[in-house]
Amino acid sequence: MSSTSSSASTIAVVGAGPGLGRAIARRFGAAGHPVALISRDGEKLRSLADSLAAEGVTARAYPADVTDEKGLTSALNTAAEELGRIGVLSYSPAPTFPNVAGQVPDLKALGFTSAAETTAESVRPMFDMLVGGALTAAAAVLPAMREARDGALLFTTGTTALTPIPGMSNSGIALAGLRSWARGLHDDLADEGVYVGHLSISVPIVPGSGEGDPDALADRWYRLARARGTFEATVGV
């Protein structure tokens, strides 16, 4: 991103967890960005903030559920008041997959449905988490970004944003829609100094796994956000 105001602006990591979210927070935090950590579990979030602080990163926890429009908006507004303008938004909430070699996740247990089994009811929670929360978060931070003519919205998805996967059709509907909207937003804001990017990850996110290593992915995001040269990048495709 630019070397002006966004270099010290706050990054809000929505969907912050011990894997990719933590890695993104560390990477941007190491570059001088204060970090606002947002997810549902306040206790785990505060532990994450403490561990980042021990590494010299300015980080605070702002518990909120991405499906709670008022709660998420309030968390982002409070973060901006306490840490400074949010100049980077990283949005990547997702079901947690087991990172055990050779273990195949139970897709049904995680809430995924096949195409034949997909209903409006099975799509709704995926939409609320993956799309609704993104719309809410963007609406909360965009006015200040547009006023400053500087900012970055970073949306992380999985394979189903690009291509159908058996047993994951309900998430595919949501993620493909998120990607389409993000692409339109990228075009809409291109002349306003606000970058919108999409990273689709099609490999397990596991430490020490090469391109799927959380730190490698976080560095990929950091470089994409600074270069601002392309809307979309993929990993493992």
Quick one: do L153 and V141 satisfy side-chain contact (heavy atoms from CB on, under 4.5 Å)? Show the steps, please.
CA-CA 9 Å; L153 304 174; V141 302; 3.9 Å; yes
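- Atoms OH and OG, from Y222 and S90 in turn, are 14.0 Å apart once rounded to the nearest 0.5 Å.
- Put simply, the side chain of P214 reaches to within 4.5 Å of the side chain of P207, judged on heavy atoms.
- The main-chain N or O of G158 is found under 3.5 Å from a side-chain atom of S200 such that the two form a donor-acceptor pair.
- Scanning both residues, V196 and A182, for their nearest heavy atoms gives CG1-O, 3.5 Å.
- The line from CE of M126 to OG of S169 is 11.0 Å long, rounded to the nearest 0.5 Å.
- Pairing each heavy atom of D187 with each of R183, the nearest pair is OD1-NH2, 3.0 Å.
- Looking at Y91, its side chain does come within 3.5 Å of a backbone N or O of A134 through a donor-acceptor pair.
- When the side chain to side chain contact (heavy atoms under 4.5 Å, CB included) test is applied to E43, the partners found at least two apart in sequence or on another chain are D41.
- Here the straight-line distance linking atom CD1 of I86 with atom CD of E81 works out to 10.0 Å at 0.5 Å rounding.
- No side-chain donor-acceptor contact under 3.5 Å links T78 to the backbone of A75.
- When all heavy atoms of A64 and I38 are compared, the closest pair comes out as CB-CG2, 4.0 Å.
- With salt bridges taken as basic N to acidic carboxylate O contacts below 4.0 Å, none links R124 and D128.
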Is there a side-chain contact (heavy atoms from CB on, under 4.5 Å) between L135 and W181? Walk through the geometry before answering.
CA-CA 9 Å; L135 294 170; W181 167 73; 3.5 Å; yes
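- Contact check on R223 versus D219 returns a salt bridge, with a Lys/Arg side-chain nitrogen under 4.0 Å from an Asp/Glu carboxylate oxygen.
- Without hydrogens or angle criteria, N170 side chain to G111 main chain gives a donor-acceptor distance under 3.5 Å.
- One N or O on the side chain of T10 and one on the backbone of L83 form a donor-acceptor pair closer than 3.5 Å.
- Expressed to the nearest 0.5 Å, how far OG of S171 lies from CD1 of I165 amounts to 7.5 Å.
- Separating the CG atom in L20 from the CD1 atom in I205 is a distance of 5.0 Å, to the nearest 0.5 Å.
- Here the shortest heavy-atom pairing between V131 and A174 reads CG2-O, 3.2 Å.
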Does the side-chain contact (heavy atoms from CB on, under 4.5 Å) test come out yes or no for L189 and M145, once each step is laid out?
CA-CA 10 Å; L189 300 176; M145 290 184 179; over 6 Å; no
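- For R40, the CZ atom is loosely surrounded, since the number of other residues' heavy atoms within 6.0 Å does not exceed 12.
- Among residue pairs with one or both ends in residues 202-216, those qualifying as side-chain hydrogen bond (donor to acceptor under 3.5 Å, both in side chains) are T159-S202; sequence neighbours excluded.
- Within the 3.5 Å criterion, the main-chain N or O of F155 finds no donor-acceptor partner in the side chain of H198.
- L45 and S39 get closest at one heavy-atom pair: CD1-OG, 3.1 Å.
- Scanning both residues, V57 and A30, for their nearest heavy atoms gives CG2-N, 4.3 Å.
- Crowding of E55 atom CD: a count of heavy atoms from other residues, nucleotides or ligands under 6.0 Å exceeding 12.
- A salt bridge between E232 and R179 is present, with a side-chain N of the basic residue lying under 4.0 Å from a carboxylate O of the acidic one.
- Judged by distance alone, with hydrogens and angles left aside, the side-chain atoms of T73 form a donor-acceptor pair with the main-chain N or O of E69 at under 3.5 Å.
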Decide yes or no on salt bridge (charged side-chain N to carboxylate O under 4.0 Å, His left out) for R46 and D50, but give the supporting numbers first.
CA-CA 6 Å; R46 284 184 282 273; D50 289 343; over 6 Å; no
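- Taking the ring axis of Y195 as reference, the NZ or CZ atom of R228 does not stay both within 45° of it and closer than 6.0 Å to the ring centre.
- Here the side chains of L48 and S51 are in contact, with some heavy-atom distance below 4.5 Å.
- The closest donor-acceptor contact from the side chain of T156 to the backbone of S92 lies at 3.5 Å or more, if one exists at all.
- Distance CG/L72 to CG/D65: 8.5 Å, rounded to 0.5 Å.
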L154 vs I24, side-chain contact (heavy atoms from CB on, under 4.5 Å): CA-CA, chis, key distance, verdict
CA-CA 11 Å; L154 316 177; I24 290 174; 5.9 Å; no
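- Side chain of T136 to backbone of G132: a donor-acceptor contact under 3.5 angstrom is found.
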